[in-house]
> 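Encoded as structure tokens, here's the structure I'll be asking about.
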Amino acid sequence: MSKQPGFATKAIHTGQQADPATGAVTVPIYATSTYVQEEIGKHKGYEYARVSNPTRDRLETNLAALETGAAAKVFASGMAAINAIASLLKSGDHVIAGHNLYGGTPRLFNTVLSNFGMEFTYVNTSDAANVAEAIRKNTRLVFLETPTNPLMELCDIRAISDLCHQRGVEVVVDNTFMSPYFQRPIELGADMVVHSTTKFLNGHSDGLGGVVVCTKSEQAERLAYLQKAAGAILSPFECWLILRGVKTLAVRMLQHDGNGRKVAEFLSKHKKVERVFYPGLPDHPQHELAKRQMSGFGAMIAFETGSLADANKMLRKVRVCSLGESLGGVETLISHPATMTHAAVGEEGRRKIGITEGMVRISVGIEDIEDILADLDQALAAI
Ligand SMILES: Cc1ncc(COP(=O)(O)O)c(C=O)c1O
């Protein structure tokens, strides 16, 4: 083939080739902790499962291709992947992070990593100038989420990468919300991409995992070393779940996006909804950037019901939508950021960035759109 395969072809075939031993069309789960050696130092490239596993290798090959990176390394959860990135740094290093990240990320930074002498500054990364202003001599990394969780603010990945590279600072993008189907940060200049594979990459709400996709061989070597040295690796079964889930990523994302646009439009016209946060709506302040940087708008939407009491009234009534944490599954998941994903940020922290008690976040699934809309309509009638 002279032409590069398309995204869906890569998702189904890269790293997913038939098993050479048996011809099994699906990658086998290598449930083994160790590997027999023929003689001292003579083996087939595998020695111990914390260091490497064939099912894991296949997944890492697949995810590196989808994010157009040099290599990928998978970890036990999205947080373990983010922790691995932070472990590339050392005491005294400074990190600039978005002020509106998934709550678990600042929790790791502020309550764990800052004890080891790392410094963190949070800025509104939707304006690249704020990032430029926060860069210090010891700044090593800028950590971004775009769109942000749950306010759906965007960061201009290309502009931030350009200004960071001029100052020798690396850029990491948490691409969990968009998946590489709709946004590929490395093509826009990012140095590393991280995902909670728990979300769209797996897509079926049945496994936890994380991945770091990097662009340089030194990063890949160091991340592989961290898998071996710290041991927060992803199990072969969880790797297999993602290998299976990712085969349908392209079709799922198209359906998530189609449903997402319709739900956003419905909510924006609903009289009980005060405000909708979705980059696909023409009145989103960064709608033009969304069109430029992403090839779809995705399925993540936040909206304002007015108060905690109203949010609760509505959330008690949902039937097709499931009230719960997480996102990116085939089922529509609805959540309350102030008490769930962003509880760890604290009341003052939430107030500063604009997360209210009446805010509800929805991860639109791929059920029939009529059923999702009817469910939201009847639940909103409770307000
Ligand atoms: C954007 C984002 N990044 C990272 C994480 C952490 O991933 P995990 O729950 O797989 O550890 C989450 C979890 O919700 C998330 O939403």
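Counting starts at 1 for both ligands and their atoms, in listed order. In this chain, residues are counted from 1 in sequence order.
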> Considering the heavy atoms of Thr198, write down every atom of ligand 1 situated less than 4.0 Å from one of them.
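Once the distances to Thr198 are compared, the set is 10 (O).
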> Give me the residue, atom name and distance of the protein heavy atom closest to atom 15 (C) of ligand 1.
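Here the nearest protein heavy atom works out to Tyr102 CG, 3.6 Å.
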> Are the aromatic rings of Phe143 and Phe120 close, with centres under 6.0 Å apart?
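When the ring centroids of Phe143 and Phe120 are compared, they turn out to be at least 6.0 Å apart.
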> Ligand 1 and Thr105, any nitrogen or oxygen pair closer than 3.5 angstrom?
no
> Counting only nitrogen or oxygen atoms and a 3.5 angstrom limit, does Leu327 reach ligand 1?
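In this structure, Leu327 places no N or O atom under 3.5 Å from an N or O of ligand 1.
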> Below 4.0 angstrom from a heavy atom of Gly78, which ligand 1 atoms are there? Numbered from 1 as shown, please.
7 (O), 8 (P), 10 (O), 11 (O)
> Kindly say whether the aromatic ring centers of Phe303 and Phe277 come within a distance under 6.0 Å.
no
> Distance to 0.1 Å, residue and atom name: give those for the protein heavy atom nearest to atom 1 (C) of ligand 1.
Asp174 OD2, 3.5 Å
> Using the ring centroid of each side chain, check whether Phe200 and His256 are separated by less than 6.0 Å.
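Ring centroids of Phe200 and His256 are less than 6.0 Å from each other.
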> Is the distance between the ring centroids of His287 and Phe297 under 6.0 Å?
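They qualify: ring centres under 6.0 Å apart.
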> Just distances here: any N/O of Lys199 and N/O of ligand 1 closer than 3.5 Å?
yes
> With salt bridge (charged side-chain N to carboxylate O under 4.0 Å, His left out) as the criterion, how do Arg261 and Asp257 come out once you've worked through the C-alpha distance, each side chain's angles and the decisive distance to 0.1 Å?
CA-CA 6 Å; Arg261 291 173 196 230; Asp257 180 70; 2.8 Å; yes
> State if Ala81 counts as touching ligand 1 under the rule of any non-hydrogen atom under 4.0 Å.
no
> Checking Asn130 against Tyr122 for the side chain to side chain donor-acceptor pair (under 3.5 Å) test, could you report, in this order, the C-alpha distance in whole Å, the side-chain angles of both residues, the deciding distance, and whether it holds?
CA-CA 10 Å; Asn130 294 335; Tyr122 298 91; over 6 Å; no
> Please say whether Met79 places an N or O atom under 3.5 Å from an N or O atom belonging to ligand 1.
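For ligand 1, there is an N or O atom that lies under 3.5 Å from one belonging to Met79.
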